[in-house]
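Notes follow the structure.
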Amino acid sequence: MNDETRRAIEQDKRYLWHPFTPMDAWLEADYEPVMIASGEGAELVDTEGRRYLDGNSSIWTNLHGHRHPKLTAAIQKQAGKIAHSSALGLGNPLAAELAEKLVGLLPEEAGPYRVFLSDDGSTAMECALKIAWQYFQQNGQAQRTQFLGLTGSYHGDTVGAMSLGKSGSFHAPYQPLLFPTHEVPAPNCLRCLQGKDRLTRTDIRLSCRCGPRPGENSLAALEQKFAELGDTVAALVLEPRVMGPAGMVMHPPGFLAEAAALAKRHGALLILDEIMVGFGRTGKMLAEEHEGVTGDLIALAKGLTGGTLPLGATLLKDELFEGFRGGLERAFFHGHSYSGNQLGCAAALANLEIFASEPVLEQVAERAEWLRNASQRFLDLPQVAEIRQEGLILAIELVQDRETLASFPADWRVAHHITEQAREYGLLTRGLGSILFLIPPYCSTRQQLEQMVAALYRASEEVLIKIV
Ligand SMILES: *Cc1c(COP(=O)(O)O)cnc(C)c1O
């Protein structure tokens, strides 16, 4: 280990606290965390000069690879002018242009929209929540105070976002702190078809036959909730198509459109969390486009700057904005010191410019196919219950018992041990429980995708043999 690495690890272990990390294991004397020094394309390089494939796009943020020349140039150019000025009482051309471009991503028939800028995914969701709430309070429907979502949803770690998301295990200690919301079970095709049709083990949702509508059980439960709650529902809050932190739970095609129609029929707003799935990750610019749906409020973050800088955006119907016009007492008193940050906006504009000038979505479709083909080898492992994929989101769900689909005990941290082992073979990624994820950058080459799968496969084989 070189001096730089040793010093960095010492400082880290003494002074830092890492997110979503049981710190005892991290602090163990013989644990050597990977310290990232640089990146290039789909690769990350550590302080020892070792190269790794970035198999989860740096927690789902990176799109076009690290150090994309257009993103780097845009940030450098902007840093030469100004990094940040406040959006409280001041404007700036980059934020204004970005707002126009983001609204331009939505279909014209959805009507006029507007943008509120914030810092990250959690704040984009907090804004959506507070806008929906205040809109009804001051526009003659003060009884609309309830929020409805799917069990296992995740919308961030601030208290409002946790209340909307209630991501079971992550947020359990804070339950008493959260405001009450309503939830119904998410469609979970793997378990819904239990014992019926698990022959292929490949994307069982695509042959969903649980009822007349895709995700019937979940829709029926939603319908019932809407009937119970009547006109007190302010908003239905969903991650469109793929529920990320729940374990890449993929909804059967058509579910989103049906759920959106239910919200509309009951006069509730639809808040869509596109934070993970937005910006091409599922093969469309926004995941909701797959189903011809446009959220009344849409939260964007992660890929918004191509994975370079933190920035959040809440897109909302102008109609909602109109409900905040008038005097002081009707204003939206919410803001963040870095709202409209010029460096972030410059990066986001450069990201959109890459989408406009390069065939990014075609690239995603092509790579998704390569990844699909490569990943089929996982069917050789008897513990694989399902391989599911949407665009460049791949999830491989491992189970202890394929008949009952019983998961491995959570405290075995199967995915964690596998992904730690995969580092030995040059892959960095994270899973959840016993579900493995590959969420590669769009610039990954065929060979890089095959290397990612091979590394994860080899690590899975080695770890599984030890534990079963
Ligand atoms: C990451 C994520 C968030 C939270 O975004 P942060 O930038 O981490 O606050 C919210 N929703 C989904 C679906 C996410 O993947």
Side-chain angles (χ1 to χ4, degrees), residues 18-21 56-63 116-130 132 147 149-171 174 178 181 183 186 235-251 256 259 270-282 284 286-288 290 295 297-315 334 336-339 341 344 347-348 351 390-395 429-432 435 437-441:
H18 286 262
F20 283 105
T21 305
N56 76 348
S57 295
S58 296
I59 204 69
W60 322 338
T61 57
N62 196 284
L63 307 182
F116 194 93
L117 291 173
S118 61
D119 300 351
D120 52 40
S122 304
T123 57
M125 287 304 294
E126 293 282 345
C127 290
L129 153 71
K130 286 176 67 176
F147 290 84
L150 301 178
T151 305
S153 299
Y154 176 86
H155 302 297
D157 296 328
T158 55
V159 173
M162 282 196 293
S163 302
L164 292 182
K166 293 221 169 106
S167 213
S169 55
F170 299 167
H171 296 153
Y174 314 106
L178 309 184
T181 55
E183 57 184 47
L236 172 65
V237 187
L238 297 173
E239 288 164 80
R241 302 281 283 200
V242 185
M243 293 165 66
M248 304 301 152
V249 171
M250 296 180 188
H251 300 156
L256 173 62
L270 178 65
I271 300 179
L272 293 182
D273 176 345
E274 291 264 4
I275 294 163
M276 176 190 75
V277 291
F279 296 100
R281 186 50 72 184
T282 67
K284 299 265 190 200
L286 298 178
E288 62 202 67
H290 286 285
L297 298 117
I298 303 165
L300 300 171
K302 289 202 168 94
L304 174 56
T305 58
T308 56
L309 287 164
L311 186 70
T314 308
L315 279 51
H334 181 107
H336 300 277
S337 312
Y338 283 101
S339 282
N341 174 267
N351 174 39
E390 178 109 10
L392 279 177
I393 303 172
L394 173 77
T429 188
R430 282 171 76 90
L432 185 94
I435 310 174
F437 306 152
L438 280 179
I439 323 275

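Bear in mind the structure is a predicted one, so any value in this text is a computation, not a measurement. Atoms within a ligand are numbered from 1 in the order they appear, just like the ligands themselves.
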Between NE2 on residue His251 and CG on residue Leu150, distance to nearest 0.5 Å: 5.5 Å
Phe116 and His334 aromatic ring geometry - parallel, tilted or perpendicular at 30°/60° bounds: perpendicular
Closest approach of Ile271 to Met125 (non-hydrogen atoms, all atoms of both residues): CG2-CE, 4.0 Å
Close side-chain approach of Leu272 and Leu297, heavy atoms under 4.5 Å: no
4.0 Å protein heavy-atom contact status of atom 5 (O) of ligand 1, strictly under: yes
Pick from Met125, Met276, His155: the one approaching atom 10 (C) of ligand 1 most closely through a non-hydrogen atom: His155
Candidates Thr158, Leu178, Leu129 - the one meeting side chain to side chain contact (heavy atoms under 4.5 Å, CB included) with Ser163: Leu178
Nearest non-hydrogen protein atom, [atom]:
atom                   : result
atom 9 (O) of ligand 1 : Ser122 OG, 2.6 Å
atom 1 (C) of ligand 1 : Lys302 NZ, 1.4 Å
atom 7 (O) of ligand 1 : Gly121 N, 2.8 Å

Contacting atoms of ligand 1, where contact means under 4.0 angstrom from a heavy atom of Gly156: 4 (C), 10 (C)
Ligand 1 atoms in contact with Asp273 (distance to a heavy atom under 4.0 Å): 10 (C), 11 (N), 12 (C), 13 (C)
Leu311 and Leu300: CA distance, side-chain angles, deciding distance, side-chain contact (heavy atoms from CB on, under 4.5 Å) verdict: CA-CA 8 Å; Leu311 186 70; Leu300 300 171; over 6 Å; no
Of the backbone atoms (N, CA, C, O) and the side-chain heavy atoms from C-beta on, which set of [X] has a member under 4.0 Å from an atom of ligand 1: side chain, backbone, both, or neither?
X      : result
Met243 : neither
Ala301 : neither
Trp60  : side chain

Geometric N/O contact Glu239 with ligand 1, under 3.5 angstrom: no
Check: Thr282/His290 side-chain N/O donor and acceptor closer than 3.5 Å: yes
Donor-acceptor contact present, side-chain Thr314 to main-chain Ala124, <3.5 Å: yes
